[in-house]
Amino acid sequence: MIAIVFCIALGVAGMAAPVEASQEDANAAAAAPPVPPAPAPVRQPDGSVADLDAKLVICDPDAPPVSGAGVTSIFEPESPPSREIRELGFLVFAICIGIFVVVQGFLVLAIVRGVRSRRAAGREGEGGSAEPTQVYGSVPIEVAWTVIPTIIVFVLTMVTIRTIRDIDITSPPEDALEVIVIGHQWWWEFRYPDEAGEVVTANEMHVPVGRPIWLRLESADVIHSFWVPRLAGKMDLIPGRTNYTWFEAERAGIYLGQCAEYCGTQHAHMLIRVYADEPEAFDAWLDAQRKPGVEDPTVAEGRRVFAEYACLNCHTVDGTSDGMFGPNLTHLASRDTIGSGFIPLNRENLRAWIDDPAQLKIGCNMPSLKLDAAELDAVTDYLLTLN
Amino acid sequence: MQWAISVDHKKLALMYIGAGLCFFLVAGLEAAFMRLQLARAENDVIDPETFNQLFTMHGTTMVFLVGMPILLGFGNYLIPLMVGARDMAFPRLNAFGFWLFIFGGLLLYFSYLGADGLYGAGTAPDVGWFAYAPLTSRTFSRGNSTDYWILGIMVSGFGSMTTAINFIATILCMRCPGMTLMRMPMIGWMMLVVAFLVLVAIPILTGAQIMLLLDRTLGAHFFDPETQGSAILWQHLFWFFGHPEVYILILPAFGFVSEIMPTFSRKVLFGYPLMVAATVGIGFISLGVWAHHMFVVGLGPVLDSFFGATTFLISVPTGIKIFNWLGTMWGGRLHFTTPMLFVTGFVAMFVIGGLTGIMLATVPLTWQLSDSYFVVGHFHYVLFGGTVFGIFGAIFYWFPKATGRLLDERLGKWTFWLLFIGFTLTFMPMHVSGALGMPRRIYTYEADRGWEIWNLISSIGVPVQMAGVAIFLWNAIRALRRGPVAGDDPWDAWTLEWGTTSPPPEWNFDRIPTCTSARPLWDRKNPEDPDAYYE
Amino acid sequence: MTERAEQREERAALAPREAREMPYLRAIPRPTPWPIITAFGVTFMFAAIVTNIFVVVVGAVFALVGVIGWFREVFPHENVEAIPVADCEIPLPPPEFAPRPKKTPRNVVPERIHPYRSGVKGAIAGAIAMAVVAAAWGVIDAGSLWLPINLLAGTVLPSIGEATEAQLKTFNATWFATSVGLHAFLSISVGMVFVVSLPMMPRRPLLAGGLIAPVIWTGIAWATLRVVNPTLEDYISWPWFLGSQVAFGLACGFVISRATMVPLQVGWSLERRMGVERTEGDES
Amino acid sequence: MTALPANPEAAATLRSPLSRAKVGMACLIFMESAIFSAFLVTYLYYIGKSPDGPQPLECLELGLVLVNSACLISSSFTVVISVRALARGAMGAFRFWLALTILLGIEFLVGTGYEWWGLIEDKGLTLQSNAFGTNFYSLVGLHAFHVIVGMLMLVVILVLSIFGFIRPDRDHQRVDVATWYWHFVDVVWILVFTLVYIVGRVPQGAPAS
Ligand code: HEA
Ligand code: HEA
Ligand code: CUA
Ligand SMILES: [Cu+2]
């Protein structure tokens, strides 16, 4: 009975998922060109506010990888490391199921026989108070159940070591794109080192499809962990230390993940969004990010408030200050979300956020600067022009 | 008052167990609140700060103030009785250890009360039960909450260490005539190894906590990344303690199974010597696997492989135990009393927990599953399905010895089935939600991830467990008042504690027993065919 | 010497010698409040860090008083009280046992086994048989004797995964040594399993051991090989693989089942088995 | 089955020859070693990883510490002599050698205090200055704390013996066990000394001699 429960529960997730995924694979292969790109990497330059509001959806339901129940499932890999882990996982799972069935089988058998034998003894009579045959042990049997597990352990170890060496590479794969990921309480900073000027963005990482991405992981405060299950296993971001990991998105779309090492109050709201774009789209995005922000004269008032209220101490726009404590806002309006991936970016939310971030994200590290309504409107309008 | 000044190992043991059960209710309630919050996506019954305190206090309490004291309490109760001694080797030290545990626990919980008015005591710790640096530094953890965590655990840790010393001295020096080490009840071996592990592991934690305390109060730089300090050092020290700790939490339960299973199978324990060897083996191997909790910190392929391999290896001695229990049941005449139900459940559930442990030891798989709900599922299977089931089995088994009264069997079976079903409902789905990408220690989660249903099932399991626990409490209170008188040896068992009255006199045995085999009472009951001839 | 101490001294002198020297033979320790007082004091000394420095003083006072009281509890003599039971210091004598019965309801499973030596012999035979088949495959079908050897080494040497086909078909000392070692290790392990499990197989051990087991084994290998040894999978020929397994099983099983079975020694303590200790009652 | 002798005297011989006190003290020492190993390993880990602030090579000098160490280590011998004297019943010699042990211990503590004072005043090395300072004071301080505890034990024994509470026949075993702790403190010092003053002072890049 226990076996059934166990199998069903893990089976639902384990066995159903790969089938689904392989079907998707097939579909994707068949309809290769029209894969819908992730939310447009290049925003309309005029970027009027109303326009943005309408366009921003938190995640495009048609984008293939974000479908149904599997948005963060480890069973639907779209990248070599996570795929290899899934294979290994199935193997180990199968071995474990095998052991499980054998052990529980013997247990059930022992129970059935034991109860039957007790009943039989009870029936046979009160005359013999005799206990069942006393068996102290058996060397050969005990040797057997020492040796067999040892062999299994040997196999498991070999498989594991092999996979570790495949995935845990110490230097970037050829042609890899390097991205520096910096964890902050409770948001992500992504830096794209590049001769043509470093691009800095937050919480939403864009990567090209089909090219290995080499992540350099650092932390600004406490330990975080970068985990996008469909792309790769997790790796910690540790202050005073640099870690590396890699993945290669095989299909365009949005991949979700989140911080996986407890890092304080808002650990739960430290979400990651990885946008895998077709290479051209990605280049376009990178170019757009590299451009200085638009200087829209209509929002001069907002820009003034922004500077006056010391927003600049923590945020930078176009390198106007070296505020590094909060996310870089140069191209804020090109993002889909704020507050590390869980608040859709629209006028209403942005205004509420600036008014009092703690209302939306309790305990977060941005204070409410107590702007009045007019100032709020001005700053919000200003920020929405930054795309 | 009588109890407060007592140095009698039995009284102290009962206090250990009683206090542990009280803490169990508290920590269980904390868990219930967590499950309430997590029942739905984007729920806001509980704010993030409180949630973080809840799981920290839940984990800390369950490990240090529930598991350890109850198991050490059983050790206290059983060791002198089972080896035929009048008391522990150092009875006063024993009392001292017990009270340190109590005061340490109270100090930890004082953090809830000690609001800002009381010298900035502030609130309960919220750094998780393994308190990773640098989240525990003054910069990221203001106020005194983390200091409470350190001190509470440290003080009760001193208590555990003194108890361990006592165990070792008692087992080595106080056995009754004829009781060689290889005739000692299995539980004695388990407790010996546990005591050894306590003496190796807890001091390391204490040392690390002293360092952390120096960091926080005197401005030292042990775990401070700003000055080339290492955040990983804490993890190494903590887990060097932490992994043996989980074996400290399971070995006594193994001992319970090894005593209860033979009695109700009416058969001698299968393969005693190998069992001893496996226990000692587990003790040693468990000192060399700690970094399997650190597979995601980037130790590099070599260390990862090494620790993966040692971790796999531990399944061999553990498997030996499982198989030997099966061998004990095999061909026996099984009496499914409540204790037997619990230990059978133990074997079944522990195997699941152990096998998910094997999956976690598969390093690349852990890169996905570490710090996800899969891990939460794993360790509740071993801790609840293992330790807690073992404890319940032991309570039902030795309750008549300690009180002279029998617990009600029908209620006992209700307790078992409710706990079993509730437990499976709560913790089985966690494996799925973890594999679907749900990290642990999050106070809320997004609705679009496909995690809701699994979390809902998890939460539904909690009231079922609560019912089981409540029935048990009712059962115990009722039995204390007017349970049927048990007699000295209600289960017709074979170890020495059943050879004295129930409850035993303060001096345990009117005359010190002598031991002729691993089952001294079998020999007395069956002089025509004693074990002594076959050992 | 103070008066009180002297009194204690006298009282202790009256107590029987064994009560003092053997822990708790005639007496048990008396209840005492000092441990709880000490524990309380110690906790308060620590609690000072989170509350008020004044608390440390309170704690220290309690701890000190407690320690002194405690010390006087055990020095110069333990403070004990007598057990009100006559004869409490005489151990209960062991029961009178009947003479050792000839036939008892005790059992050994299995009663007789193949000697372990035969496992090693069988393993060697099996290993040779297997190697012959594998070599035959290498020469006849795959075109090189070294190929199967190198492929086997690939199970533990991931570097072989990157080797070219030509390399795989030539001799390489390291690979050869690895391969032989691995082959020996696995063969002997499997041989031991055969030894202990053959008597437990109900009927026709050779059929079970020689045919069914290899088929199962091949199935497992087929399922896992992709992960365990991807290089091998690229080259492998499954019929030949199965053939080599069966060859192993038959040869090994044959050798083992021909060995005469020996009765099993049971119920020996671990020390006794290792020859370290002789416990009483081990006359047999 | 060989019958067990029924008289208590013989039963007593069947009991384990291990004494509670010895086992207990051995366990205590084992446990303390574990605490020390946490600090020793941490010290080892941080050697050479503390680039800013005062450095071991410029702060630590061997002169004074060698004298201290010599005192501490010879105190292990004096305490053995004193316990032997106690066993013989020579109370005067016992007290003399015990007092000498305590004096040597005091010298060690005073010497350490003097060294620390110099480090703090002249070299500016404090617990807070860098990882080296943190580790140095914690490890050496932890050891000094144990010296104090061990010495308190010895002082109590001395005082008791001066007031005539110590009886050679009855107490020499107990005193013996108590001195185990003192030996332990000594052995730990050898490790600490090696780590801090020898291994820890090897210049960066140079092979450990
Ligand atoms: C009672 C406590 C207990 C016990 C006994 C175990 C037992 C095991 N644990 Fe578990 N573990 C915990 C408590 C426990 N654990 C806790 C509390 C945590 C989380 C801490 C935290 O992060 O908060 C944890 C976390 C944890 C991790 C880290 C996960 C992570 O955070 O990334 C790992 C990884 O290797 C692991 C592995 C194992 C293994 C391999 C065993 C093995 O000992 C299991 C052995 C048993 C069997 C394998 C089953 C029986 C054997 C057979 C039937 C024989 C045949 C089997 C084979 C040949 C495979 N455990
Ligand atoms: C022995 C150890 C033990 C036990 C028994 C339990 C038992 C339970 N645990 Fe525990 N758990 C841990 C050890 C344990 N846990 C540890 C170490 C952690 C890690 C902490 C960390 O991350 O730092 C953890 C974390 C943990 C989490 C993860 C939190 C997170 O990561 O966000 C969750 C979530 O559901 C959880 C739930 C539960 C539940 C529902 C139970 C239930 O089984 C509890 C059932 C018991 C009761 C419900 C008792 C109450 C009964 C009553 C109140 C009856 C009423 C009657 C009267 C009062 C008369 N636990
Ligand atoms: Cu960042 Cu959790
Ligand atoms: Cu572990």
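Proteins get letters first, then strands, A, B, ... in listed order; numbering begins at 1 in each. Quantities reported herein were computed from a predicted structural model and do not represent experimental measurements.
- Of the two parts of L218(B), the backbone and the side chain both hold a non-hydrogen atom closer than 4.5 Å to a non-hydrogen atom of chain D.
- In this structure, the portions of S230(B) lying under 4.5 Å from any heavy atom of chain D include both its backbone and its side chain.
- The residue from E245(B), H236(B), H243(B) that alone fulfils the side chain to side chain donor-acceptor pair (under 3.5 Å) condition with W290(B) is H236(B).
- Here the CZ atom belonging to F509(B) is positioned 7.5 Å from the SG atom belonging to C176(B), to the nearest 0.5 angstrom.
- Chosen from N130(D), T42(D), L28(D), the residue pairing most often with chain B at heavy-atom distances under 4.5 Å is T42(D).
- Under a 4.0 Å N-O distance rule, the pair D147(B)/R138(B) qualifies as a salt bridge.
- The contact between S129(D) and chain B is made entirely by backbone atoms, counting heavy-atom distances below 4.5 Å.
- Between the CG atom in L12(B) and the CG atom in N76(B) there is a gap of 6.0 Å [rounded to 0.5 Å].
- For a residue to count as touching a neighbouring chain, one of its non-hydrogen atoms must lie under 4.5 Å from one of that chain's; by this rule Y45(D) touches chain B with the side chain only.
- In summary, the side chains of H183(D) and S76(D) do present a donor paired with an acceptor at a separation below 3.5 Å, with no hydrogens or angles considered.
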